[in-house]
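First the structure, in the form of structure tokens, and then the observations on it.
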2 protein chains.
Amino acid sequence: MNTQATGDGTVGKALDVLDIVVGFGRAVRFSEVLEVSPYPKATLHRMLGTLTNQGMLAYDDDRGVYVAGMRLVRIGRHAWNQSSLAVLGRPFAEALAEDIKETVHLAQMERGRVVFIDKVTPEGGFPTMARSGRRSPAHCTGVGKVMLAFMDDDRRAAAIEGQTWEAFTPKTHQGPETLLPELEEIRDVGLAYDREEHEQGIISMAAPIKGGGGRVIGSISIVTSVNRMSLDEIGKYRPALTRTAAQIGREGAVWPYPVVS
Amino acid sequence: MNTQATGDGTVGKALDVLDIVVGFGRAVRFSEVLEVSPYPKATLHRMLGTLTNQGMLAYDDDRGVYVAGMRLVRIGRHAWNQSSLAVLGRPFAEALAEDIKETVHLAQMERGRVVFIDKVTPEGGFPTMARSGRRSPAHCTGVGKVMLAFMDDDRRAAAIEGQTWEAFTPKTHQGPETLLPELEEIRDVGLAYDREEHEQGIISMAAPIKGGGGRVIGSISIVTSVNRMSLDEIGKYRPALTRTAAQIGREGAVWPYPVVS
DNA sequence: AAGCTGAGTTCCATTATTTGGAACACGCGA
DNA sequence: TCGCGTGTTCCAAATAATGGAACTCAGCTT
């Protein structure tokens with residue numbers, strides 16, 4: 001119905017505000033939130049008050065800033081323990097990263113956007129900018145494209161509908177016309193590559209993580225820089241990557257948590 | 001104003017429901033939530049719908065159950081990265097646990113209740129029931145009492161006001177009359193002991209973690225069973241425990257996140 | 001196959017809450 | 001003291017939440 005993440009009356013707005021505040025990734029002043037939120041001063045003020053009151057945010061009196069609250073930390077941790085692929089995937093991701101000495105990303109999808117669930121950077125691995133909990137577009141990342149390729153048709157349709165098609169580099173897909181054929185190719189090959197589509201000089205190779213019934217529950221990728229390795233060279237890790245993806249998938253065969261499109 | 005965690009209109013109710021669902025720790029049926037929530041059928045139904053719609057919960061069509069949603073996982077992870085003592089405390093807690101071969105807990109406080117932030121059980125350590133994200137009362141745990149002892153007077157007053165005084169064992173404090181004197185003692189000694197007050201046979205020794213300005217930002221404890229060790233014996237780890245607490249505190253000297261009382 | 005039961009969903013007039021423009025308070029530097 | 005940028009409070013109008021009751025649907029029983 002509504003493609004917007006917003007909506008749903010008061011609760012939707014409150015969660016929207018929560019998302020904004022936490023998304024800053026640091027303590028924020030009222031006016032900063034006001035600037036980026038679509039709500040009028042009084043409304044936002046009341047919203048922040050409610051969220052603080054509820055323990056989802058905390059207000060630092062001295063500095064006059066809002067930060068994430070303990071209740072959010074607690075509920076979020078609980079949710080993480082239950083629904084995050086990281087809990088069962090981390091050991092395998094760590095083993096892979098250690099084995100090949102390259103950075104490994106673990107991702108899931110939320111409404112057509114990639115959510116980085118975890119990352120492992122081994123000694124000497126390439127330090128990527130991804131941070132767990134961050135979101136990125138799906139159309140320009142290896143982990144995103146591979147999930148799009150293997151998800152249900154209707155979910156994919158909805159996800160593609162919601163893409164922003166922002167052009168991060170000259171190689172970024174700018175619309176379904178070029179993306180859809182690549183997705184088909186990805187389905188054939190069983191892997192997706194990020195050819196500097198999200199960031200100049202950064203490449204990756206991603207495999208889908210399939211739980212019970214072949215349903216995609218996330219994806220895993222090896223990320224590096226073109227200065228360290230070419231796309232061809234990264235290909236030599238293909239067996240290791242697909243093996244790890246399969247291991248995690250086996251572990252998550254009875255995965256009860258749906259990947260939200 | 002209101003001591004209840006509930007309140008604050010629609011948003012409060014929605015968060016309440018979210019808390020309930022996630023608190024189950026597993027996929028739940030509508031009727032299960034209905035049973036424990038104070039809301040009428042229609043209201044709860046709408047609430048769950050809204051939360052699902054917002055990505056905070058996810059609904060499994062096949063099984064007809066609700067689980068934590070990806071959006072909650074994402075926001076929660078973000079919050080965790082920012083505000084959890086675990087992020088900076090874990091390495092030290094791990095070192096301590098490895099050193100003494102006993103289980104170590106890391107905790108913070110939310111509205112007078114202890115939230116377990118992280119735990120480390122080394123090879124051969126005593127496996128405790130605490131799980132990160134879980135809550136326990138403050139009046140009967142080492143980590144809780146030590147935070148109560150060292151927090152601001154007004155915060156302590158509010159926190160003590162909110163205690164349930166549930167008697168888990170014969171040794172549990174049943175009211176402020178006996179707890180307050182012990183808190184004073186704890187302040188003197190600089191440590192708190194749990195003398196089988198939460199669970200028969202389980203004891204612990206806890207130290208406060210103090211950030212900048214001596215403000216308590218959490219606590220750390222060594223937990224074991226009376227079958228493994230006596231209260232006296234656990235005391236030999238005192239230097240190690242206080243050293244670790246100090247290390248974490250130094251790391252968190254510029255800790256920007258308030259410990260919500 | 002009709003009837004029953006329990007779980008989940010929908011309806012809608014009533015009621016309570018949210019809304020946000022505007023006025024107000026506060027701290028701070030000039 | 002004035003002015004400015006922030007943050008807070010008010011309150012009548014507008015909107016959204018409420019929940020009892022009726023309904024649907026699947027599975028089970030007689």
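Within every chain, numbering begins at 1; the chains are lettered A, B, ... in the order of the sequence lines, protein sequences first and strands thereafter.
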Problem - Any pair counted as salt bridge (charged side-chain N to carboxylate O under 4.0 Å, His left out), so long as it reaches residues 72-86 of chain A, sequence neighbours left out - result: A:Arg74-B:Asp19, A:Arg74-B:Glu110
Practice task
Mind checking side-chain hydrogen bond (donor to acceptor under 3.5 Å, both in side chains) for A:His173 and listing every partner two or more places apart, or none if nothing turns up?
Solution key: A:Thr178, A:Glu182
Exercise for the section: Mind calculating the distance between CZ (B:Phe30) and P (D:dC25) to the nearest angstrom? Expected result: 18 Å
Fill in the blank from the handout: Atom CD of A:Glu35 and atom P of D:dG7 are separated, to the nearest Å, by 11 Å
Exercise for the section: Output, in order, the C-alpha distance, side-chain angles, deciding distance and verdict of side chain to side chain contact (heavy atoms under 4.5 Å, CB included) for A:Met109 and A:Met151. Expected result: CA-CA 10 Å; A:Met109 189 164 276; A:Met151 68 176 34; 3.4 Å; yes
Completion exercise
Expected string for nucleotides 10-19 of chain C under the B/S/- scheme (protein heavy atoms, under 4.0 Å, primed atoms plus P, OP1, OP2 as sugar-phosphate) is B-------SB
Handout entry: Nearest-angstrom distance from the residue atom CG of A:Leu48 to P of D:dT9
Key = 13 Å
Handout entry: Test item: B:Gln82 side-chain N/O and A:Val22 main-chain N/O as donor-acceptor pair under 3.5 Å
Key = yes
Problem - Chi angles and distances behind the side chain to side chain contact (heavy atoms under 4.5 Å, CB included) call for A:Arg71, B:Leu18 - result: CA-CA 11 Å; A:Arg71 187 180 183 192; B:Leu18 187 67; over 6 Å; no
Problem - Qualifying salt bridge (charged side-chain N to carboxylate O under 4.0 Å, His left out) pairs, either residue in residues 25-44 of chain B, two or more places apart - result: B:Arg26-B:Glu32
Handout entry: Presence of salt bridge, B:Arg63 and B:Asp60, under 4.0 angstrom
Key = yes
Practice task
For C:dG6, take OP1 and OP2 only and decide whether either is under 4.0 Å from a side-chain N or O of B:Ser31.
Solution key: no
Polar atom pairs (N or O), protein with nucleotides 3-5 of chain D, under 3.5 Å:
none

Exercise for the section: For A:His105, check ring pair (Phe, Tyr, Trp, His ring centres under 6.0 Å) against everything at least two apart and list the hits. Expected result: A:Phe116
Problem - Interatomic distance, A:Leu34 CG vs C:dG21 C1' [rounded to whole Å] - result: 14 Å
